[in-house]
Undergrad: 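Okay, here's the structure, questions in a sec.
As the structure lists them, so they are numbered: ligands from 1, and atoms in each ligand from 1.
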Amino acid sequence: MKNTVYDLLDKNMRLPVICAPMFLVSSPNLVINACKNGVVGSFPAFNTRTQTTLDEWLTTITKALKAEKQKDPAATVAPFAVNMVVHASNKRLHDDFEVVKKHKVPFVITSQGNPKPIVDAVHEWGGIVFHDVITVAHARKAIDAGADGLILVAAGAGGHAGEVNPFALVREVREFWSGPLVLAGAINDGYGIRATEVLGANYSYMGTRFIATTEAEVNPDYKAMLVDADLNDLVFTDTFTGVKCHFLKPSITRAGIDLSLIEGKTRVDLDLGGSNAWKDMWSAGHGVSGIHSVVPVAHLIEQLVTEYNNASQVQAFNGAAYHSMEVGR
Ligand SMILES: Cc1cc2nc3c(=O)[nH]c(=O)nc-3n(C[C@H](O)[C@H](O)[C@H](O)COP(=O)(O)O)c2cc1C
């Protein structure tokens, strides 16, 4: 019998959350700890420089999750996902995919390009493929290619963000797609996770919030910057990568680049002094002001569960706390 998305994901999750793949951020440790705590962990294949390292990462993750399940068969251990760019420009795709195939990775997240060949191949071992999109037109193409689910990357997301409002994007896609739907963009707490479901999506894709965890293997200054930052600390620019992306202004200044000079420039026009996007210029989504501390993943997920449960009890319309407030002078 074939697996269903429910069998693979929901049955093994504590919360409808995917810890999103992040370039130079996602590590086996982050993935394992997300999965062990009932949230899907993921990483971009590009975070490994060679197929040998990809093979090692997949072995490490698979072994750790299996051991966790053996230790406590009743534990909720979520599956993990690998993110692959399926655009023709990705010269590593074929070789990386051979490694993914060897490990029968349960969940593949594709981005850019046409996911059809990957979808067909992953289905052969009973895995699933969700495709990442930023527009309704791309959502339609992904469905035609046979993707099992869609990830809608809305305005305000960390990394290469979309520019469409999440309310509009989810509701428009729900006009023609009743399958699994993931929403990304500034979802930083349990209230956002619940709101995502109310809006009509099934899962939340959370990136930035997981950078400020003990397990994220990034420069500690990056984590501290996330704790200090609010919306005003972000700039949405294509200067560094050629595609619009939110970067933390203090990280640009820290890299020795004059912020007032970046508008309308390309990385070729600017003297970046050897600094690079992602490595030196750090990305974050619009939800940054909700990050107040760096905590272990287990602690963060516990907090998300509490908030999610509280949010589920929020009384609509008639229950607002301000109802007893007197108005006028
Ligand atoms: C530092 C950083 C790196 C990212 N790298 C990738 C990537 O390699 N592949 C990808 O598909 N998305 C990438 N993203 C986007 C995330 O997968 C996800 O869509 C986004 O973080 C969700 O928005 P949020 O950060 O507001 O939660 C990245 C995001 C961040 C913050």
Undergrad: What residue and atom, counting heavy atoms only, is the protein's closest point to atom 5 (N) of ligand 1, and at what distance?
TA: Phe23 N, 2.8 Å

Undergrad: Around atom NZ of Lys69, are there more than 12 heavy atoms from other residues, nucleotides or ligands closer than 6.0 Å?
TA: yes

Undergrad: Quick one: look up the protein heavy atom nearest atom 17 (O) of ligand 1 and list residue, atom name and how far away it is.
TA: Pro21 O, 2.8 Å

Undergrad: So for Tyr222, does at least one of its heavy atoms come nearer than 4.0 angstrom to any atom of ligand 1?
TA: yes

Undergrad: Which residue holds the protein heavy atom closest to atom 31 (C) of ligand 1, what is that atom called, and what is the gap in Å?
TA: Gly159 N, 3.7 Å

Undergrad: Going by heavy atoms, is Gly287 under 4.0 Å from ligand 1?
TA: no

Undergrad: May I ask you to decide whether Arg14 forms a salt bridge with Glu302, counting only side-chain N to carboxylate O separations under 4.0 Å?
TA: yes

Undergrad: What atoms in ligand 1 come closer than 4.0 Å to a heavy atom of Ala186?
TA: 24 (P), 26 (O)

Undergrad: Provide the number and element of each atom of ligand 1 under 4.0 Å from a heavy atom of Gly285.
TA: 26 (O)

Undergrad: Quick one: is the NZ or CZ of Arg92 closer than 6.0 Å to the six-membered ring centre of Phe46, and within 45° of its axis?
TA: no

Undergrad: Could you tell me which atoms of ligand 1, counted from 1 in the order shown, lie closer than 4.0 angstrom to a heavy atom of Asp132?
TA: 11 (O)

Undergrad: Flag yes if more than 12 heavy atoms outside Phe236 fall under 6.0 Å of its CZ atom; otherwise flag no.
TA: yes

Undergrad: Report yes or no: do Ile118 and Val133 belong to one cluster of Ile/Leu/Val/Met/Phe/Trp/Tyr joined by side chain heavy-atom distances under 4.5 Å?
TA: no

Undergrad: Which residue and atom name correspond to the protein heavy atom nearest atom 25 (O) of ligand 1, and how close is it?
TA: Thr208 OG1, 2.5 Å

Undergrad: For the residue pair His103 / Asp55, report whether a side-chain donor-acceptor contact shorter than 3.5 Å exists.
TA: yes

Undergrad: If you measure every N/O of Val25 against every N/O of ligand 1, is any gap under 3.5 Å?
TA: no

Undergrad: Looking only at distances, can you tell me whether any N or O atom of Gly158, backbone or side chain, sits closer than 3.5 Å to an N or O atom of ligand 1?
TA: yes

Undergrad: When Phe247 is tested against each of Trp278, Tyr222, Trp282 for ring pair (Phe, Tyr, Trp, His ring centres under 6.0 Å), which residue passes?
TA: Trp278

Undergrad: N/O to N/O below 3.5 Å, does that happen between Ser283 and ligand 1?
TA: no

Undergrad: I need the Asn37 CG to Ile301 CD1 distance, nearest 0.5 Å.
TA: 4.5 Å

Undergrad: Report the part of Pro44 (side chain from C-beta onward, or backbone N, CA, C, O) that has a heavy atom under 4.0 Å from ligand 1; answer both or neither where that applies.
TA: side chain

Undergrad: Taking heavy atoms and a distance under 4.0 Å, where does Asn47 meet ligand 1: side chain, backbone, both or neither?
TA: neither

Undergrad: Return the OG1 to CD1 distance between Thr239 and Ile262, rounded to the nearest 0.5 Å.
TA: 5.0 Å

Undergrad: For ligand 1, which atoms, with element, lie under 4.0 Å from some heavy atom of Ala20?
TA: 16 (C), 17 (O), 18 (C)

Undergrad: Starting from atom 10 (C) of ligand 1, find the nearest protein heavy-atom neighbour and note its residue, name and distance.
TA: Asn83 OD1, 3.5 Å

Undergrad: Check Leu234, Asp233, Leu231 against Val288 for a side-chain contact (heavy atoms from CB on, under 4.5 Å) and give me the one that passes.
TA: Leu234

Undergrad: Give me the residue, atom name and distance of the protein heavy atom closest to atom 21 (O) of ligand 1.
TA: Gly207 CA, 3.4 Å

Undergrad: Report the residues that fulfil salt bridge (Lys or Arg N to Asp or Glu O under 4.0 Å) with Lys116, sequence neighbours left out, ordered by chain and then residue number.
TA: Asp120

Undergrad: Can you find an N/O atom of Ile187 closer than 3.5 Å to an N/O atom of ligand 1?
TA: no

Undergrad: Which atoms from ligand 1 have a heavy atom of Trp278 less than 4.0 Å away?
TA: 2 (C), 3 (C)

Undergrad: Name the one of Phe80, Phe130, Tyr203 that satisfies ring pair (Phe, Tyr, Trp, His ring centres under 6.0 Å) with Phe107?
TA: Phe130

